[in-house]
Amino acid sequence: MNDHEQLLSDFVASFEKLNDMSTTEELDLPAWQLSYGDADEFGWKYWRPARVETPPQFLAEIYQHLPARFPRMYERLVLSYRWAEVEIGPCRLLANPPGPDLSRLLKEIQRDRGLWHALIPAGYLQFAKGPDIDYDPVCFDLKSRNQNGNYRIVKIDHEEILCNYRVEVVGEIA
């Protein structure tokens with residue numbers, strides 16, 4: 001296993017340290033699809049990310065709908081794992097639900113049409129939200145791509161978009 005693969009493995013393993021990883025079918029279908037064991041007396045089960053090997057051609061299919069490529073490590077993450085929405089400290093990763101391709105990830109990215117239609121023309125690609133109940137999109141700033149293919153990661157005020165039709169960066173995460 002190379003350094004990048006180990007880094008991804010360690011990152012995904014941290015999900016269980018940062019979350020309780022429990023769900024019900026009604027609450028979160030992607031998490032339920034990743035669940036294991038029997039449900040408790042209240043219908044709750046635990047889930048865990050699934051290690052998968054997705055052919056890179058499926059990235060090409062969703063790139064037809066996106067204005068830019070993902071950073072390389074995020075590409076490796078989405079090709080190598082499926083997960084439900086999960087909090088990772090400063091943000092909640094959008095789900096990369098189980099499925100034969102990456103079309104469900106694209107649906108997660110495009111889920112909020114108001115945000116999608118404001119963020120993409122402004123040069124931002126959402127891949128996460130704020131932590132807990134914070135709905136602010138966390139995005140790759142497509143205008144900031146460096147030589148390594150990485151982007152600045154920013155948080156954007158969702159209320160400014162939905163109420164005032166204005167994209168306002170409220171913080172830089174990385």
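- For the pair Val52 and Ser80, the minimum side-chain heavy-atom distance is 4.5 Å or more.
- Between the side chain of Asn164 and the backbone N or O of Arg166 there is no donor-acceptor pair closer than 3.5 Å.
- The hydrophobic cluster containing Leu142 also contains Ile173, counting ILVMFWY residues as joined when their side-chain heavy atoms lie under 4.5 angstrom apart, directly or transitively.
- When all heavy atoms of Asp134 and Lys129 are compared, the closest pair comes out as O-CB, 3.9 Å.
- Across Asp28 and Pro30, no two heavy atoms sit closer than the pair OD1-CD, 3.0 Å.
- More than 12 heavy-atom neighbours from other residues, nucleotides or ligands sit within 6.0 angstrom of CZ on Phe58.
- Ile62 has its side chain out of reach of Asp101: every pair of non-hydrogen atoms, C-beta onward, lies at least 4.5 Å apart.
- Annotation: Phe140 is not in aromatic contact with Tyr124 [ring centroid separation under 6.0 Å not met].
- For Tyr36, the OH atom sits in a packed shell: over 12 heavy atoms of surrounding residues, nucleotides or ligands are nearer than 6.0 Å.
- Between Glu5 and Arg76, at least one side-chain N (NZ, or NE/NH1/NH2) sits under 4.0 Å from a carboxylate O, which counts as a salt bridge.
- In this structure, CD on Gln126 lies 6.0 Å from CG on Leu115, to the nearest 0.5 angstrom.
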Would Leu59 and Thr54 count as a side chain to side chain contact (heavy atoms under 4.5 Å, CB included) here? Give the steps. CA-CA 9 Å; Leu59 274 175; Thr54 307; over 6 Å; no

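- Note that CZ of Phe70 is 4.0 Å distant from CD1 of Ile109, once rounded to the nearest 0.5 Å.
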Applying side chain to side chain contact (heavy atoms under 4.5 Å, CB included) to Arg104 and Gln33, what does each step give before you reach the verdict? CA-CA 13 Å; Arg104 292 179 179 178; Gln33 293 169 332; 3.7 Å; yes

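- Relative to the six-membered ring of Phe15, Arg48 misses at least one condition, a distance below 6.0 Å or an angle of at most 45° to the axis.
- Note: the hydrophobic cluster containing Trp116 also contains Val78 (ILVMFWY, side chain heavy atoms under 4.5 Å, direct or indirect links).
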Quick one: do Ile153 and Asp141 satisfy side chain to side chain contact (heavy atoms under 4.5 Å, CB included)? Show the steps, please. CA-CA 6 Å; Ile153 297 175; Asp141 177 356; over 6 Å; no

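- Hydrophobic clustering, with ILVMFWY side chains joined whenever heavy atoms are under 4.5 angstrom apart, keeps Val154 apart from Ile88.
- The shortest distance between side-chain heavy atoms of Glu61 and Leu102 does not fall below 4.5 Å.
- The two atoms that bring Val138 and Gly130 nearest to each other are CG2-N, 4.0 Å, heavy atoms only.
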CA sep, side-chain torsions, deciding dist, call: Asp112, Tyr135, side-chain hydrogen bond (donor to acceptor under 3.5 Å, both in side chains): CA-CA 11 Å; Asp112 187 314; Tyr135 196 69; 2.6 Å; yes

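- Surrounding NE2 of His4 are at most 12 heavy atoms belonging to other residues, nucleotides or ligands under 6.0 Å away.
- In the displayed structure, Glu41 atom CD is contacted under 6.0 Å by more than 12 heavy atoms of other residues, nucleotides or ligands.
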Carefully, step by step, assess Tyr151 and Lys143 under the rule side-chain hydrogen bond (donor to acceptor under 3.5 Å, both in side chains). CA-CA 8 Å; Tyr151 303 103; Lys143 300 174 299 295; over 6 Å; no

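- At least one donor-acceptor pair under 3.5 Å links the side chain of Thr24 to the backbone N or O of Leu27.
- Distance check, rounded to the nearest 0.5 Å: CZ of Phe127 to CG of Leu93 gives 6.5 Å.
- Under a 3.5 Å cut-off, the side chain of Asp157 and the backbone N or O of Glu159 do form a donor-acceptor pair.
- Cys163 SG to His158 NE2: the interatomic distance, rounded to the nearest 0.5 Å, is 7.5 Å.
- No chain of hydrophobic side-chain contacts below 4.5 Å, direct or via other Ile, Leu, Val, Met, Phe, Trp or Tyr residues, connects Leu34 to Trp44.
- Trp47 and Leu29 fall into different hydrophobic clusters, defined by Ile, Leu, Val, Met, Phe, Trp and Tyr side-chain heavy atoms under 4.5 Å apart, directly or through other members.
- Residues Cys139 and Ile156 have side chains in contact (heavy-atom distance under 4.5 Å, counting atoms from C-beta outward).
- The shortest side-chain heavy-atom distance between Arg145 and Arg69 falls under the 4.5 Å cut-off.
- Closest approach of Trp32 to Thr23, counting heavy atoms only: N-CG2, 3.7 Å.
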Begin with the C-alpha distance, continue with both residues' side-chain angles, and end with the deciding distance and a verdict on side-chain hydrogen bond (donor to acceptor under 3.5 Å, both in side chains) for Tyr81 and Glu53. CA-CA 7 Å; Tyr81 292 92; Glu53 278 306 318; over 6 Å; no

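- Listed here is the closest heavy atom pair of Leu94 and Ala128: CG-N, 3.8 Å.
- In this model, no donor atom of one side chain and acceptor atom of the other lie less than 3.5 Å apart for Ser9 and Arg51.
- Using a 4.0 Å cut-off between charged nitrogen and carboxylate oxygen, Arg92 and Glu85 count as a salt-bridge pair.
- Annotation: the span from Asn96 atom CG to Leu106 atom CG amounts to 11.0 Å, rounded to 0.5 Å.
- Looking at Asn19, its side chain does come within 3.5 Å of a backbone N or O of Glu87 through a donor-acceptor pair.
- A salt bridge links Arg111 with Glu108: the closest approach of a Lys/Arg side-chain nitrogen to an acidic carboxylate oxygen falls below 4.0 angstrom.
- Between Pro49 and Met21 the shortest side-chain heavy-atom distance falls below 4.5 Å.
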May I have the step-by-step check of side-chain hydrogen bond (donor to acceptor under 3.5 Å, both in side chains) for Gln6 and Asn2, ending in yes or no? CA-CA 6 Å; Gln6 185 61 53; Asn2 67 35; over 6 Å; no

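- Salt-bridge annotation for Glu172 and Lys155: absent, with no side-chain N of the basic residue lying under 4.0 Å from a carboxylate O of the acidic one.
- Here the closest non-hydrogen pair linking Leu79 and Pro56 is CD2-CA, 4.1 Å.
- Between the CD atom in Gln110 and the NZ atom in Lys107 there is a gap of 9.5 Å [rounded to 0.5 Å].
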